[in-house]
Engineer: 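Quick one: structure below, then a few questions.
So you know, we letter chains A, B, ... as the sequences are listed, proteins then strands, and number each from 1. Below, each value reflects all heavy atoms present in this structure, side chains not excepted, and no hydrogens, waters or symmetry copies.
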There are 2 protein chains.
Amino acid sequence: MADRSGLHAALRATGHRLTRQRLLIMEVLEESQEHLDANTLFSRVHARDLTISLSTVYRALSIFREMGLVEVHQLGEEHAHFEAVQDAPHYHFICSACGRVIEFYAPQVLEAVRGLSQRAGLKVTSSHLLLGGLCPECRLLEKD
Amino acid sequence: MADRSGLHAALRATGHRLTRQRLLIMEVLEESQEHLDANTLFSRVHARDLTISLSTVYRALSIFREMGLVEVHQLGEEHAHFEAVQDAPHYHFICSACGRVIEFYAPQVLEAVRGLSQRAGLKVTSSHLLLGGLCPECRLLEKD
DNA sequence: GTCCATGCAAACTGTTTGCACGCGC
DNA sequence: GCGCGTGCAAACAGTTTGCATGGAC
């Protein structure tokens, strides 16, 4: 999806146009393997294109989300964080001391969810597991 | 905790005072086994005490959270939802069609988290698993 | 040329805060 | 009586929206 033509095709398929701004926003999103909030994403995009506006970033994120290209996470109860979707589903740990976000994989969770959805008759289309606590470093610091 | 003396003791232990407002807010929270957002909670509380204010609700929820009496959930990416803590940890499924929230238990998740935290050296103090999708009813409706 | 996408500023929602008064202890 | 807790209104942060212009197709 990192390539222009892939994004172009995906946009056309959903009735949207490929614009300079949308291309740039998706590029920055994919380059930064982090969970950017709207402001950080905006400043990175703005650094490369001074005319781009914050609302355009929000609007692009909104349609990317509808298209399934971007996921939204509510980390740490504050504002939203965005990331380009990846192949394998993953989850997040956020350190309450330093704020660092650690990604992890947990196939057992997927299995548990699958079993549950069958038993309860649910159709599960998204799953977010968010852990909070202390990361290894902060854990040591707190020891004293 | 539903009783006045329990709340009183818990508040005193953390250097807070028992007020008419805090007692009422906790009562309403415990009566409603739902995930109330601040406005709903406020209106229920307000119905019994016309002088109470929304900021008092927010302030009470804030100290209840610090005290570990109340949990906050970000359901459906909108505003926060609050609920009195329960004995067993549980998780949430939210139907994207009707908005209904279904609680469920999944001990496998706890185990997966425990294994992960040992391996990665994390100290996990909170875990939220939020599933999205279609509930049994809405799933049938969407079939056609 | 058509109509969607953009930039700007203003609106909006959920939540927090400053201040003077009131009440728990 | 001391000092925290309250109500009110104003501030605040993040996000969305109305409108006129610009650009994708």
Side-chain angles (χ1 to χ4, degrees), chain A residues 4-5 7-26 28 35-43 45-67 69-82 99, chain B residues 4-5 7-26 28 35-43 45-67 69-82 99:
Chain A
R4 175 193 189 92
S5 57
L7 183 58
H8 195 179
L11 284 166
R12 290 185 67 178
T14 48
H16 296 107
R17 296 173 181 177
L18 177 64
T19 62
R20 179 174 45 92
Q21 294 90 334
R22 287 177 180 170
L23 180 61
L24 177 55
I25 290 166
M26 181 54 83
V28 171
H35 317 80
L36 302 181
D37 57 38
N39 264 311
T40 310
L41 175 57
F42 169 65
S43 55
V45 159
H46 188 75
R48 297 202 214 165
D49 180 343
L50 293 175
T51 75
I52 212 165
S53 84
L54 181 58
S55 12
T56 297
V57 170
Y58 274 110
R59 283 190 267 231
L61 285 171
S62 176
I63 69 167
F64 289 162
R65 173 157 54 115
E66 285 173 13
M67 295 165 63
L69 301 180
V70 160
E71 277 189 354
V72 189
H73 302 283
Q74 297 285 342
L75 304 175
E77 303 178 7
E78 317 123 3
H79 44 251
H81 292 245
F82 304 85
Chain B
R4 173 193 189 91
S5 56
L7 182 58
H8 196 180
L11 283 166
R12 289 184 67 178
T14 49
H16 295 107
R17 294 174 180 174
L18 177 65
T19 63
R20 179 174 46 90
Q21 293 90 333
R22 289 176 179 170
L23 180 61
L24 178 55
I25 290 166
M26 181 54 83
V28 172
H35 316 83
L36 302 181
D37 58 37
N39 264 312
T40 310
L41 176 56
F42 169 66
S43 57
V45 160
H46 188 75
R48 298 202 214 163
D49 181 342
L50 293 175
T51 74
I52 214 164
S53 83
L54 181 57
S55 12
T56 297
V57 171
Y58 274 109
R59 284 191 268 232
L61 286 171
S62 175
I63 70 168
F64 289 164
R65 172 157 55 116
E66 285 173 14
M67 295 165 63
L69 301 179
V70 160
E71 278 188 355
V72 189
H73 302 282
Q74 297 287 342
L75 304 175
E77 304 176 7
E78 316 124 0
H79 44 250
H81 292 246
F82 305 84

Engineer: Using whole Å, report how far NE2 of B:His79 lies from C1' of C:dC12.
Structural biologist: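 To the nearest whole Å, that distance equals 15 Å.
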
Engineer: Rounded to the nearest angstrom, tell me the gap between atom CD in B:Gln21 and atom P in D:dC4.
Structural biologist: 17 Å

Engineer: Can you see which heavy atom on A:Ile25 is nearest to which on A:Ala60, and at what distance?
Structural biologist: CD1-CB, 3.6 Å

Engineer: Testing the 3.5 Å rule here: is there a donor-acceptor pair between the side chains of B:Ser43 and B:Thr40?
Structural biologist: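 No, because no side-chain N or O of B:Ser43 sits under 3.5 Å from a partner of the opposite role on B:Thr40.
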
Engineer: For B:Ile52, which contact category applies under a 4.0 Å heavy-atom criterion: base, sugar-phosphate, or nothing?
Structural biologist: sugar-phosphate

Engineer: From the options D:dT15, D:dT6, D:dA24, select the nucleotide whose nearest atom is closest to the side chain of A:Arg17.
Structural biologist: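 That would be D:dA24.
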
Engineer: Can you see if the side chain of B:Arg22 gets near the phosphate of D:dG5 - specifically, an N or O under 4.0 Å from OP1 or OP2?
Structural biologist: yes

Engineer: Please tell me whether B:Asp37 and B:His81 have a donor and an acceptor in their side chains that are separated by less than 3.5 angstrom.
Structural biologist: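 No pair is found: no donor N or O on one side chain lies under 3.5 Å from an acceptor on the other.
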
Engineer: Which part of the nucleic acid, if any, lies within reach of B:Ser55 when heavy atoms closer than 4.0 Å are counted: base, sugar-phosphate only, or nothing?
Structural biologist: base

Engineer: Of all the choices, C:dT6, D:dG7, C:dA5, which nucleotide is nearest to the side chain of A:Thr56 once you look at every atom?
Structural biologist: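 Looking only at heavy atoms from C-beta outward on A:Thr56, the closest nucleotide is C:dT6.
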
Engineer: Could you check how far CG of A:Leu50 sits from C1' of C:dG7, rounded to whole Å?
Structural biologist: 14 Å

Engineer: If I take atom CG in residue A:Leu11 and atom C1' in nucleotide C:dT6, what distance separates them, rounded to the nearest angstrom?
Structural biologist: 15 Å

Engineer: Just to confirm, is there a sub-4.0 Å distance from OP1 or OP2 of C:dC25 to any side-chain nitrogen or oxygen of B:His8?
Structural biologist: yes

Engineer: Using whole Å, report how far CG of B:Leu61 lies from P of D:dT6.
Structural biologist: 12 Å

Engineer: Return whichever of B:Phe82 or B:His16 has its heavy-atom-nearest nucleotide of DNA chain C closer to the 5' end.
Structural biologist: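 Looking at DNA chain C, the more 5' nearest nucleotide goes with B:Phe82.
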
Engineer: Counting side-chain heavy atoms from C-beta on, which of D:dG7, C:dT6, D:dG14 comes nearest to A:Tyr58?
Structural biologist: D:dG14

Engineer: Base, sugar-phosphate, or nothing for A:Ser62, non-hydrogen atoms under 4.0 angstrom?
Structural biologist: nothing

Engineer: Any non-hydrogen side-chain atom of A:Phe64 less than 4.5 Å from a side-chain atom of A:Leu7?
Structural biologist: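 Heavy-atom side-chain distance check passes, below 4.5 Å.
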
Engineer: Given that A:Thr19 and A:Asn39 both sit by DNA chain D, which one's nearest nucleotide is further toward the 5' end?
Structural biologist: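 The 5'-side residue here is A:Asn39.
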
Engineer: Whole angstrom is fine here: how far is it from CD1 in A:Ile63 over to C1' in C:dA5?
Structural biologist: 9 Å

Engineer: Do side-chain atoms of B:Arg17 reach the backbone of B:Arg12 as a donor and acceptor pair under 3.5 angstrom?
Structural biologist: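 Pair absent, no side-chain N/O of B:Arg17 close to backbone of B:Arg12.
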
Engineer: Could you tell me the separation between the CG atom of B:Leu41 and the P atom of C:dT15, rounded to a whole number of Å?
Structural biologist: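 The answer, rounded to whole Å, is 11 Å.
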
Engineer: To the nearest Å, give me how far apart CG (B:Asp49) and P (C:dG22) are.
Structural biologist: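 Taking CG of B:Asp49 and P of C:dG22, I get 16 Å after rounding.
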
Engineer: Base, sugar-phosphate, or nothing: which does A:Arg59 touch, judged by heavy atoms less than 4.0 Å apart?
Structural biologist: base

